Number of protein chains: 2
Amino acid sequence: MRVTIIGLGLIGGSIAKDLRSTKFATEITGVDINREHAAKALELNIVDKAEELEPAVKKADIVILAIPVDKLLTVLPRVLDLIPEYATVTDMGSTKREIVEIVRNHPHRKNYIPAHPMSGTEDSGPESAIDGLFKGKITIICDQQDSGPQHLALIEKMFHLIGMNIAYMTADEQDLNTAFVSHLPHAAAYALANAVQAKEERNIIFDFASGGFRSTVRLAKSSSTMWHPIFQQNRDYVVESLDVYIKHLEEFRDAIKNSDSEKLLLLIKNANKIRDILDGNNHSLIQNKETNIKFYTK
Amino acid sequence: MRVTIIGLGLIGGSIAKDLRSTKFATEITGVDINREHAAKALELNIVDKAEELEPAVKKADIVILAIPVDKLLTVLPRVLDLIPEYATVTDMGSTKREIVEIVRNHPHRKNYIPAHPMSGTEDSGPESAIDGLFKGKITIICDQQDSGPQHLALIEKMFHLIGMNIAYMTADEQDLNTAFVSHLPHAAAYALANAVQAKEERNIIFDFASGGFRSTVRLAKSSSTMWHPIFQQNRDYVVESLDVYIKHLEEFRDAIKNSDSEKLLLLIKNANKIRDILDGNNHSLIQNKETNIKFYTK
């Protein structure tokens with residue numbers, strides 16, 4: 001199958017590697033407005049060829065957009081204008097409401113599957129692409145009723161081939177849930193990095209940074225090109241999540257400030273419950289191995 | 001050398017392993033009020049014998065206290081009462097002001113070196129003890145002028161043997177710096193875990209938890225037995241660090257809320273600078289390989 005990937009960074013490059021190794025793609029054409037990224041992706045043999053957007057899209061069976069969410073608002077409609085009738089289009093964006101809204105009435109809307117594979121690292125660029133980045137992780141598919149069943153089936157097959165589980169929900173549900181489990185942790189890490197840099201000398205941060213500090217601020221290394229537009233597009237839910245977080249921080253601070261020992265202990269013990277959740281003493285997708293599919297109905 | 005370790009959890013157990021493998025200890029006696037921990041440490045051959053505190057301390061060349069900081073306030077003075085004249089005592093506590101204050105006028109004060117090895121994991125108990133936990137990490141030694149030079153030299157030798165760098169500062173400086181680079185990240189993770197659990201169903205957190213979310217909340221798994229008293233003993237500096245953090249979170253939230261795109265980009269790019277610091281494009285201890293020692297003079 002002829003796959004065209006637009007955006008050859010961490011996500012685009014990593015999915016290219018998996019689609020090649022799983023033989024899902026017979027030919028991978030890469031598109032990137034950043035000439036260096038395109039050249040690097042060719043050099044690393046991540047793509048078979050690098051082309052301009054129009055010819056690359058016109059010959060594709062599948063077009064995968066792995067570009068920042070602000071760029072999606074202009075590039076996705078253009079791609080839907082250019083694709084052949086049979087072609088399928090999907091994206092990897094972390095926000096969905098604005099993006100599905102902008103193509104709501106596009107004649108090729110049924111060719112498009114709004115997707116969000118929840119996997120990544122704090123690195124960026126084609127050289128940061130890795131094999132198996134998506135294995136065992138979840139991808140969200142939004143508003144599946146608005147996509148053609150053949151197109152939906154092909155994208156589901158693609159995500160299953162690279163080892164992903166799939167969750168189905170509306171674009172609105174995805175933006176709300178993603179705000180709390182992904183956008184909020186990134187905002188928290190950015191603010192923590194700024195707070196510590198504001199108060200500590202660089203060499204003290206460097207010398208004292210234990211594993212704990214490193215893991216908590218790791219996401220603060222994440223690229224502004226990707227994250228700046230995510231926060232803006234998911235503004236309402238991200239602001240809501242930050243309000244909730246700040247409220248819990250104030251509660252924690254006040255328990256310490258007021259020497260409310262019992263309250264502080266309760267807050268820590270409640271936070272500790274995250275261990276059971278993350279370590280998987282939990283009923284969830286794991287139970288649906290036969291299909292790897294789960295419906296969230298709210 | 002006869003080493004007695006009081007507290008056989010992650011830290012006490014890990015240092016026991018290193019002191020044995022480096023041959024610094026010829027005999028390791030363990031003390032733990034938790035009978036199961038003591039038995040487990042014996043079973044895992046982390047210690048040679050488990051004894052009561054008094055006999056274990058009376059025969060020791062070095063006593064290492066690896067117990068929660070609230071317990072230190074009562075156990076450290078008792079240990080200093082019991083040790084032979086020649087013996088050296090150190091602790092592994094994350095806070096120092098209250099602890100040095102409580103033994104300020106003890107006749108054996110010079111036998112004691114207040115230390116804080118900055119290394120750990122979110123796990124606890126003897127079974128979580130690991131080899132090389134301290135290698136390449138930093139340990140803080142406080143108010144070294146108040147310790148006897150022979151005792152200080154022996155503890156420095158011990159930390160160097162297990163691969164640690166040493167930073168010297170006052171107990172007050174240690175509590176301030178540790179508040180920002182260690183206590184704050186833990187408080188931030190606890191509050192983030194509480195915020196997300198308050199808003200999301202367990203299965204959604206579980207399914208959607210990507211590597212990013214996991215690393216940001218990892219510290220929220222940390223034991224309340226260790227952390228509850230740390231926050232209380234370092235109250236003023238922890239509250240100050242939380243105030244600074246909340247201020248930066250509000251600034252970040254408001255940039256999003258007010259669609260202040262430029263400001264938001266600046267905040268993200270400033271946070272990104274933490275990458276240079278953590279990835280070590282930095283002048284610091286690394287430059288002092290010959291001694292592994294650095295003095296922070298404020």
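Residue numbers begin at 1 in each chain, while the letters A, B, ... track the order of the sequences. As the structure is a prediction and not an experimental result, all values here were calculated from the model.
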Answer yes or no: is there a donor N or O on one side and an acceptor on the other, between the side chain of B:R214 and the main chain of A:L278, under 3.5 Å?
yes

Counting distance only, does the side-chain N/O of B:R253 pair as donor-acceptor with the main-chain N or O of A:I246 below 3.5 Å?
no

Give, as side chain, backbone, both or neither, the part of B:L249 having an atom under 4.5 angstrom from any heavy atom of chain A.
both

Portion of B:A255 that has a non-hydrogen atom of chain A nearer than 4.5 angstrom:
neither

Report the option among [options] that has the most heavy-atom pairs separated by less than 4.5 Å from atoms of chain B.
options                        : answer
A:T178, A:D243, A:I274, A:L242 : A:I274
A:A187, A:G120, A:S119         : A:A187
A:Y190, A:F213, A:W227         : A:Y190

Quick one: side-chain contact (heavy atoms from CB on, under 4.5 Å) partners of B:E251, sequence neighbours excluded?
B:H248, B:K263, B:L267

Max heavy-atom pair count under 4.5 Å with chain A, selected residue of [options]:
options                        : answer
B:K257, B:E122, B:H186         : B:K257
B:L192, B:N234, B:V196, B:D254 : B:L192
B:P185, B:S222, B:A189         : B:P185
B:S259, B:A195, B:A198         : B:A195

Of the backbone (N, CA, C, O) and the side chain (C-beta and beyond), which part of [X] lies under 4.5 Å from a heavy atom of chain B, both, or neither?
X      : value
A:K247 : neither
A:S182 : neither
A:V238 : side chain
A:K199 : side chain
A:D123 : both
A:S261 : both

From the list A:N272, A:D276, A:D279, side-chain hydrogen bond (donor to acceptor under 3.5 Å, both in side chains) partner of B:K221 resolves to A:D279

Quick one: salt bridge (charged side-chain N to carboxylate O under 4.0 Å, His left out) partners of B:R97, sequence neighbours excluded?
B:D172, B:D175

Residue among B:I256, B:D260, B:L264 satisfying side-chain contact (heavy atoms from CB on, under 4.5 Å) with A:Q232:
B:L264

When every non-hydrogen atom of A:I268 is compared with those of B:S224, the smallest separation belongs to CG2-CB, 3.5 Å

Closest non-hydrogen atoms of B:A271 and A:A193, given as atom of the first, atom of the second and distance, are O-CB, 3.9 Å

